[in-house]
There are 2 protein chains.
Amino acid sequence: MKSNHITLKDIARILELSPSTVSRALKDHPDINEETKRLVKTFAKKVNYRPNALALSLRRQKTNTIGLIIPEIVHHFFSSVISGIEDLAYGEGYNVMICQSNENYQREVIDTQALVDHRVDGILVSVSKTTKDFTHLKRAHENGIPMVFFDRVCEDITTDRVITDDFKGAHIATSHLIERGCSNILHLAAPQHLIIGSQRAEGYKQALKDNNLSVKEEFLIKCDTREYVFSLKDHLLKLIKEQNIDGIFAVNDSTAIAAMQVLQAAGYDIPRQIKVVGFGDGPNAEIAYPPLTTVEQKGYETGREAMRLLLHRLENPDLGIDYSTKVFTPTLKLRQST
Amino acid sequence: MKSNHITLKDIARILELSPSTVSRALKDHPDINEETKRLVKTFAKKVNYRPNALALSLRRQKTNTIGLIIPEIVHHFFSSVISGIEDLAYGEGYNVMICQSNENYQREVIDTQALVDHRVDGILVSVSKTTKDFTHLKRAHENGIPMVFFDRVCEDITTDRVITDDFKGAHIATSHLIERGCSNILHLAAPQHLIIGSQRAEGYKQALKDNNLSVKEEFLIKCDTREYVFSLKDHLLKLIKEQNIDGIFAVNDSTAIAAMQVLQAAGYDIPRQIKVVGFGDGPNAEIAYPPLTTVEQKGYETGREAMRLLLHRLENPDLGIDYSTKVFTPTLKLRQST
DNA sequence: GTGAAAGCGCTAACAA
DNA sequence: TTGTTAGCGCTTTCAC
């Protein structure tokens, strides 16, 4: 029972026809005899013939495959993005080659390489947290591979982009805390070299300024994972107590939820004593106790739009440098943590 | 700036050498002049030459790609499986082509087709909930493509398998509830045509019998998603009240957590009045209120082991029908919901 | 030490 | 209406 894929040539030999006739018969070429067509098609179906996609791609110089480089599939936002991409891609006859960089620069470089090697028709990418050098992506782009960045973009490469208005999202979240009466607001932030990190921090700062609250650098803490929260626990609790913190805006939901758990364990009542807002609105937000008020980020739509832009470019190869940026404006999802 | 991948032939032409010489030079063939080698290699590096993986695969009759068919990436268990698979695959020079069936039979058929078309060297698969006909997989398997089932297996196809001892896991969970004093235990179950569904139900029943508790069919409710819980809310609350339910064993964590939320909203105290156990131990379990006692299922290890079995088979094509089944025995993760 | 030629599976221009 | 040929990018046998 070894690998025995039947080829077009096999069919030709058995049916005593030429490969080209078989090829044409299978794709209903007008000047093939109806009789022959029927013969070929029936036989092909019977032996379950499937054309070799590799050979096709090589021939056509088109793989009908698009590459996706994504930081971590476990995050709900990213897995929603994948669904958005796939749903559109499938409908258009494209396959998606998913690579998980695991937030690891080295892996991202290898992934890019692999996609280029496989001659994908285009690449969708959200860069890893640890990526600071973009030559691997630049090279692929200069090589002529259409590329669309989503969520975590690289500003050095001019191309299509799909982003969330992180500044606005953070501004909304922080303003909401202020409206609810908070005046000493902590921000648990992502690394500032990531645009989403700095934009969310800027939105937070601007909201404070707009409400005549002072911006204190020590209120902006680099801490963007659940684990990070637990490792900074003592520092956070000390700061919260000494500075009378009454609101926290975290750069993502799991950080926000971990913060709530640490605070509750220390005896704080949420939202009475401290109010918390997250960012993302994954399923965790509903499960958290209390359910988390958070900024709703549209993963599925982001993926879909990124794929749409890429398809548009693939179908119009002469678009040139007419790049577009799609911005999703997030909204606040009110729950009981504020 | 159009697609301009440089080929081996291009290099040969520019360097005024034959393609074969360039090919050999690049792979350090012994009888190529050192001088020539240096020349070729330097030039190849300079122009960033990358061999076309498609051409290579076609030539070698091996793609070094394995296909993965997975129900839903959003579930933590499955995304962990992916990581386990990828980590091993990468190390061995394999790429993974991930297809998400979305629990949809039609999609699973198309995915299988696509993987066969791409001539993947092997397939790892966990079947969708809605799949009842397995001909698509059978055909691929009979075509000689090595296949490993994980978690949700198909019993009709004899091949390598990686599974969790679902019976045991359910038995442990239910016994734990009984030990904690529960005597009227509900089971929120997965569809019974899925082996994991029936095995977990059987484990639940057996635990009841082993403890001289009666098995009531109306205590076994088909309900395996968060949404399902909310739609059955009234029925569940009625049943719980009328039958004095004091324990719930749910087939997965999100169902368990949703049940806790419904119960709490109805005024029940967990774990005092009703104790709840889940299955899976994803990150939700820690976030839930109260944190969820659950059966720990090893996603990463499952993926890794499935990939290991597949690699073993790829490297030993003459293994024949010497199939193996790896069973992971789950353990109980104690938290505050029981 | 290097090159010519054939072939992996497929298609399409050109011939018949 | 069907067949022949060449070629997509690569490797490898055989010849020189």
Side-chain angles (χ1 to χ4, degrees), chain A residues 2-41 43-44 47-65 114 116-121 143-144, chain B residues 2-41 43-44 47-65 114 116-121 143-144:
Chain A
K2 42 193 297 244
S3 185
N4 54 350
H5 295 283
I6 189 155
T7 74
L8 216 158
K9 237 169 146 178
D10 293 334
I11 299 185
R13 193 168 23 74
I14 296 167
L15 260 35
E16 301 190 305
L17 287 167
S18 80
S20 25
T21 305
V22 176
S23 168
R24 284 184 279 230
L26 287 173
K27 43 188 26 140
D28 255 335
H29 191 104
D31 42 62
I32 294 290
N33 190 325
E34 280 304 326
E35 190 65 16
T36 317
K37 276 190 197 171
R38 216 181 335 271
L39 176 71
V40 172
K41 283 182 183 174
F43 187 75
V47 297
N48 193 29
Y49 167 73
R50 296 253 85 215
N52 183 323
L54 274 58
L56 276 178
S57 299
L58 192 60
R59 179 79 239 266
R60 292 209 232 278
Q61 295 290 81
K62 181 155 190 328
T63 51
N64 266 49
T65 298
V116 172
D117 290 355
H118 279 88
R119 301 297 188 263
V120 292
D121 296 335
N143 248 350
Chain B
K2 42 192 299 244
S3 185
N4 54 352
H5 296 283
I6 191 157
T7 74
L8 217 161
K9 236 169 146 180
D10 292 334
I11 299 185
R13 193 166 26 71
I14 296 167
L15 260 37
E16 302 190 304
L17 287 167
S18 79
S20 21
T21 306
V22 176
S23 169
R24 284 186 276 234
L26 287 173
K27 44 188 25 143
D28 257 335
H29 192 103
D31 44 62
I32 294 291
N33 190 323
E34 280 304 326
E35 190 66 15
T36 317
K37 277 189 195 170
R38 215 181 335 272
L39 176 71
V40 172
K41 284 184 181 171
F43 186 75
V47 299
N48 193 30
Y49 168 73
R50 298 251 85 213
N52 184 322
L54 272 58
L56 276 177
S57 299
L58 192 59
R59 179 79 239 266
R60 293 209 230 280
Q61 295 291 79
K62 181 156 192 325
T63 52
N64 264 49
T65 298
V116 172
D117 290 356
H118 279 88
R119 301 297 189 265
V120 293
D121 297 335
N143 246 349

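Letters A, B, ... mirror the listed sequences (proteins, then strands); counts begin at 1.
Here the closest non-hydrogen pair linking B/Glu35 and B/Asn33 is N-OD1, 2.8 Å.
Close to D/dC8, at under 4.0 Å from its OP1 or OP2, lies a side-chain N or O of B/Lys9. Within the 4.0 Å cut-off from OP1 or OP2 of C/dT2, not a single side-chain nitrogen or oxygen of B/Thr21 is found. A close approach under 4.0 Å does not occur between any side-chain nitrogen or oxygen of A/Tyr49 and OP1 or OP2 of C/dG9.
Closest to the side chain of B/Pro51, out of D/dC10, C/dT11, D/dG3, is D/dC10. In the set D/dT1, D/dG9, C/dT11, D/dG9 carries the atom at the smallest distance from any side-chain atom of A/Gln61. Considering only side-chain atoms of B/Leu17, the nucleotide from C/dG3, C/dC10, D/dC10 that sits closest is C/dG3. Side-chain proximity of A/Arg59 to D/dT2, C/dG9, C/dG3: nearest is C/dG9.
B/Leu8 places its CG atom 16 Å from the C1' atom of C/dA5, with the value rounded to the nearest Å. A straight line from CG of B/Leu26 to P of D/dT12 spans 13 Å, rounded to a whole angstrom. Per the geometry, NE2 belonging to A/His118 stands 14 Å off C1' belonging to D/dG9, to the nearest Å. Distance B/Arg60 CZ to C/dC8 P: 16 Å, rounded to the nearest Å. At whole-Å resolution of the value, CD in A/Glu34 and P in D/dT1 are 9 Å apart. Rounded to an integer number of Å, the gap from A/Asp10 CG to C/dC10 C1' is 13 Å. At whole-Å resolution of the value, CG in A/Leu54 and P in D/dC10 are 14 Å apart. Atom-to-atom, CG of B/Asp31 to C1' of C/dG3 comes out at 12 Å; the value is rounded to the nearest Å.
A/Ser20 comes within contact range of at least one nucleobase, with a heavy-atom separation under 4.0 Å. Among the atoms of the strands shown, only primed sugar atoms or phosphate atoms (P, OP1, OP2) are found under 4.0 Å from some heavy atom of A/Asn52. Backbone-only contact: A/Asn33 has heavy atoms under 4.0 Å from sugar-phosphate atoms and none from a base.
For C/dA12, its base never sits under 3.5 Å from the side chain of A/Ser23 at any donor and acceptor pair. For a distance-only test at 3.5 Å, the side chain of A/Thr36 fails to qualify as a donor-acceptor partner of the base of D/dT2. Between the side chain of A/Arg24 and the base of D/dG3, at least one donor-acceptor pair of N or O atoms lies under 3.5 Å.
Of the inter-residue distances, the one linking A/Leu54 atom CG with A/Arg119 atom CZ reads 12.5 Å to the nearest 0.5 angstrom.
Contact of the B/Val40 side chain with the B/Arg24 side chain is not registered, since no non-hydrogen atoms from C-beta on lie closer than 4.5 Å. Looking only at side-chain heavy atoms (C-beta outward), B/Asn143 and A/Arg50 stay at 4.5 Å or farther from each other.
Judged purely by atom type and a 3.5 angstrom limit, A/Asp117 has no side-chain atom pairing as donor or acceptor with the backbone of A/Ala114. A donor-acceptor pair under 3.5 Å is absent between the side-chain atoms of B/Ser23 and the main chain of B/Pro19, judged by distance alone.
Nearer to the 5' terminus of DNA chain D, by closest-nucleotide assignment, is the contact made by A/Ser18 (compared with the other of A/Ser18 and B/Arg50).
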